[in-house]
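Structure first, then comments.
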Amino acid sequence: MGRTLPRSFYRRDSRELAPLLLNKLLVRAAPDQPKLAARIVEGEAYCGSEDPGSHAYRGKTRRNAVMFGPPGHLYVYFTYGMHWCANVVGHAPGDASAVLLRAAAPVDGIDVMRARRVKARRDRDLCAGPARLCQAFALTGEHDGTDLTRGALRIVDDGVPPPDAPVVTTRVGLREGEGDDSPWRFFVPGDPNISRGPRRVAG
């Protein structure tokens with residue numbers, strides 16, 4: 001399947017990390033469960049104390065504590081009273097930032113994903129959005145703090161490089177004046193699995 005990304009891969013600014021995560025595989029492979037894999041095709045960078053759109057903007061709390069810990073862990077939070085969202089913690093020392101996994105292309109375990117996402121009409125709808133991705137992988141608050149460099153849940157490099165020129169847009173779902181103008185959303189050009197949302201292309 002490929003090489004598990006080492007912790008050193010995540011030790012960088014989230015705006016640099018987000019495009020590098022594109023085309024990597026999110027893999028869940030527990031001994032007693034079917035293997036799941038999906039190729040990351042969309043992500044958003046959140047940049048700690050300099051970013052009013054970030055959960056870490058006002059400092060450390062019990063909810064966002066994982067963002068202040070070592071890079072290479074998963075930060076999972078509950079939103080709108082109904083959805084889980086998963087973020088990859090990646091930052092330089094002393095920072096607190098992460099990349100929201102917005103969408104992925106299903107690769108392995110598609111039947112399991114479809115059983116969990118019964119409303120999805122097409123395979124490309126299984127992980128097209130952060131909440132859908134978490135539902136397809138059965139990620140919940142129990143996975144907050146998961147170490148992505150070891151264990152059942154990992155991000156893997158199988159040799160598919162990130163795009164040379166990812167599409168860069170503003171982020172989705174932020175209030176005006178709270179980071180909505182920051183061009184920190186990245187996705188694979190032309191990929192049918194990306195989420196829906198504003199398309200204000202940067203540049």
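This is a predicted model, so every value here is computed, not measured.
Annotation: side chain of Arg185 is not in contact with side chain of Thr170 (no heavy-atom distance under 4.5 Å). At least one side-chain heavy atom of Trp184 sits less than 4.5 Å from a side-chain heavy atom of Cys47. Between Leu100 and Cys85, some side-chain heavy-atom pair lies under the 4.5 Å cut-off. A 4.5 Å side-chain heavy-atom check between Arg39 and Val160 finds at least one atom pair inside the cut-off. In this structure, the side chains of Lys35 and Val27 come closer than 4.5 Å at one or more pairs of heavy atoms. No side-chain heavy atom of Thr4 sits under 4.5 Å from any side-chain heavy atom of Leu148. Using a 4.5 Å heavy-atom threshold, the side chains of Phe187 and Glu44 count as separate. Side chains of Asn87 and Val66 form no contact here, defined as non-hydrogen atoms less than 4.5 Å apart.
A donor-acceptor pair is defined here as one N or O able to donate and one able to accept, closer than 3.5 Å; no such pair exists between the side chain of Asp180 and the backbone of Leu174. Under the 3.5 Å distance criterion, the side-chain polar atoms of Thr61 are matched with a main-chain donor or acceptor of Asn64. Without hydrogens or angle criteria, Arg28 side chain to Phe137 main chain gives a donor-acceptor distance under 3.5 Å. No donor-acceptor distance shorter than 3.5 angstrom exists from the side chain of Arg124 to the backbone of Asn193, with no hydrogens or angles considered. Panel note: side chain Thr146, backbone His143; a donor-acceptor pair is recorded below 3.5 Å.
Ala103 approaches Ser195 most closely through the heavy-atom pair CB-N, 3.8 Å. Residues Pro162 and Pro19 share a closest heavy-atom pair of CB-O, 3.5 Å. Looking at every heavy atom in both residues, Pro189 comes nearest to Ala165 through CG-O, 3.4 Å. Considering all non-hydrogen atoms of both residues, Phe186 and Leu22 come closest at O-CD2, 3.9 Å. When all heavy atoms are compared, the tightest approach of Asp158 to Asn23 is OD1-O, 4.2 Å. Taking both residues in full, the closest heavy atoms of Val99 and Ser14 are given as CG2-O, 3.7 Å, listed atom of the first, atom of the second, then distance.
Every ring-ring contact (aromatic ring centres under 6.0 Å, His included) that Tyr77 has, sequence neighbours left out, goes to His55, Tyr75. In this view, Arg121 and Asp125 satisfy the side chain to side chain contact (heavy atoms under 4.5 Å, CB included) rule, not counting sequence neighbours.
Heavy atoms of other residues, nucleotides or ligands lying less than 6.0 angstrom from CG of Asp32 number more than 12.
One finds the CG atom of Leu74 at 7.5 Å from the CD1 atom of Ile155 (value rounded to the nearest 0.5 Å). With rounding to the nearest 0.5 Å, the separation of CG in Leu133 from CG in Leu26 is 6.0 Å. A distance of 12.5 Å separates CZ of Arg154 from CZ of Arg3, quoted to the nearest 0.5 Å. Taking SG of Cys127 as the start and CD1 of Ile40 as the end, the distance is 10.5 Å to the nearest 0.5 Å. For the atom pair Ser97 OG and Glu16 CD, the distance stands at 11.0 Å (nearest 0.5 Å).
By the 4.0 Å N-to-carboxylate-O rule, Arg132 lies too far from Glu42 to be salt-bridged with it. A salt bridge is defined here as a Lys NZ or Arg NE, NH1 or NH2 lying under 4.0 Å from an Asp or Glu carboxylate O, and Arg171 with Asp181 fails to meet this definition. Salt bridge Asp147/Arg7: present, at least one basic N to carboxylate O contact under 4.0 Å.
In the hydrophobic clustering of ILVMFWY residues, with side-chain heavy atoms under 4.5 Å counting as a link, Tyr46 and Leu21 come out apart. No continuous path of ILVMFWY side-chain contacts below 4.5 Å connects Leu17 to Met67, so the two sit in separate hydrophobic clusters. In terms of hydrophobic clustering, with Ile, Leu, Val, Met, Phe, Trp and Tyr side chains grouped at heavy-atom distances under 4.5 Å, Tyr10 and Phe68 are assigned to different clusters.
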What's the verdict on side-chain contact (heavy atoms from CB on, under 4.5 Å) for Glu142 and Trp84, showing C-alpha distance, side-chain angles and the deciding distance? CA-CA 11 Å; Glu142 295 181 1; Trp84 295 102; over 6 Å; no

For a quick test of your reading: what N or O donor-acceptor pairs under 3.5 Å do the side chains of residues 106-116 make, sequence neighbours left out?
| from | atom 1 | to | atom 2 | distance (Å) |
| --- | --- | --- | --- | --- |
| Arg114 | NH1 | Asp123 | OD1 | 2.7 |
| Arg114 | NH2 | Ala120 | O | 3.3 |
| Arg116 | NH1 | Ala136 | O | 3.0 |

